[in-house]
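Index from 1, following the sequence. Indexing begins at 1, ligand by ligand and atom by atom, following the structure's order.
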Amino acid sequence: MRKKILAGNWKMNTTIEEGTSLYQEVQKGWNEIGSQDLICIIAPPSTHIFQLASATNEHLFLAAQNCSEFAAGAHTGDLSAQIIGSAGAIYIIIGHSERRAHHGESNQILQQKVNLTLQADLYPIYCCGESETDRDEGVQNQIVLDQLKEGLFHLTADDFGKVVVAYEPVWAIGTGKTASPAQAQDMHAFIRKSVEEHYGEEAALNLSILYGGSCNPSNADELFAKADIDGGLIGGASLKAKDFIAIANSLKA
Ligand code: PGA
């Protein structure tokens with residue numbers, strides 16, 4: 001059966017010193033929750049991964065927020081999936097809307113990143129989600145389906161089994177505007193159905209689909225109560241250990 005996952009995306013926040021103390025607080029809170037069924041993934045700035053990796057365990061993992069679409073070589077400033085893995089991360093967030101929008105990352109580029117992540121024996125957290133205009137025009141399902149088809153559906157069933165999907169409507173990220181639980185559930189069910197059509201029922205049932213976009217301690221209960229929402233990808237609220245752990249308690253419930 002699929003896993004419940006709470007992931008914190010710290011984005012470009014925290015120095016190593018700040019990040020280390022935030023991580024220790026999260027770790028302490030997570031240990032207190034003590035649930036065997038929950039997985040916590042923290043995606044700090046990549047510079048922090050090596051240092052924080054010494055304190056990971058079977059329920060607490062590290063992710064990078066991005067990787068290069070190239071395997072190695074003359075790509076100044078980039079980090080390959082393999083290098084990220086060697087620092088101690090297990091997951092890589094691929095296709096966050098900020099990367100799609102600010103770095104021109106197309107579904108085709110993201111497909112390369114997914115492939116390299118898997119080749120490095122790491123797990124992709126593949127982000128998808130529509131813009132506000134897409135939703136106003138009623139094309140949100142088509143946009144998300146294209147993102148899935150072009151970025152993921154080339155994978156073998158075995159490799160697809162290693163993927164986590166995060167649905168993050170662009171209009172809800174960092175805006176304080178959360179998708180309503182019903183809107184999020186509709187999209188998660190649509191994603192699961194699309195996966196079922198492509199990979200079959202078992203793959204669809206085993207896929208963890210996280211919701212992201214202004215999720216916080218006051219709306220997490222309602223979101224996580226929905227049948228197809230298996231966790232969250234948390235931005236702003238992951239920078240406060242207390243809020244992140246409160247969201248984890250909602251997921252545990
Ligand atoms: P937010 O960000 O929780 O601050 O909206 C979510 C994300 O970008 O992953």
(request) Output the list of atoms in ligand 1 that are nearer than 4.0 Å to some heavy atom of Asn9, sorted by atom number. (result) 9 (O)
(message) Are there over 12 heavy-atom neighbours, none belonging to Glu17, within less than 6.0 Å of that residue's CD?
(response) no
(message) Below 4.0 Å, non-hydrogen atoms only: which portion of Ile173 touches ligand 1? Side chain, backbone, both or neither.
(response) both
(request) Please indicate whether Gln112 has more than 12 foreign heavy atoms, meaning atoms of other residues, nucleotides or ligands, lying under 6.0 Å from its CD. (result) yes
(message) Ignoring hydrogens and geometry beyond distance, is a side-chain donor-acceptor pair present between Asp136 and Thr133 at under 3.5 Å?
(response) no
(request) Considering heavy atoms of the protein only, find what lies nearest to atom 9 (O) of ligand 1 and give residue, atom and distance to 0.1 Å. (result) Glu168 OE2, 2.7 Å
(message) Going by the closest heavy atom to atom 1 (P) of ligand 1, which one wins out of Pro169, Ser214, Ala172?
(response) Ser214
(message) Does either side chain, that of Thr156 or that of Asp158, offer a donor lying less than 3.5 Å from an acceptor on the other one?
(response) no
(message) Tell me whether Ala237 reaches ligand 1 (any heavy atom closer than 4.0 angstrom to a ligand atom).
(response) no
(message) Show me which atoms of ligand 1 lie under 4.0 Å from any heavy atom of Gly174.
(response) 1 (P), 4 (O), 5 (O)
(message) Below the 3.5 angstrom mark, is there an N/O of His96, backbone or side chain, next to an N/O of ligand 1?
(response) yes
(request) Determine whether more than 12 heavy atoms belonging to other residues, nucleotides or ligands lie under 6.0 Å from atom NZ of Lys240. (result) no
(request) Look at atom OH of Tyr199 and say whether more than 12 heavy atoms of other residues, nucleotides or ligands are closer to it than 6.0 Å. (result) yes
(message) Within ligand 1, which atoms have a heavy atom of Gly213 less than 4.0 Å away?
(response) 5 (O)
(request) For atom 3 (O) of ligand 1, find the nearest protein heavy atom and state the residue, atom name and distance (0.1 Å precision). (result) Gly235 N, 2.9 Å
(request) Could you tell me which non-hydrogen atom of Ile191 sits nearest to which non-hydrogen atom of Cys128, and how far apart they are? (result) CD1-SG, 4.0 Å
(request) Starting from atom 4 (O) of ligand 1, find the nearest protein heavy-atom neighbour and note its residue, name and distance. (result) Gly236 N, 2.8 Å
(message) I want to know whether Tyr211 and Phe224 have ring centres closer than 6.0 Å.
(response) no
(message) Just to check, does Gly212 reach to within less than 4.0 Å of ligand 1 when the distance is taken from its heavy atoms?
(response) no
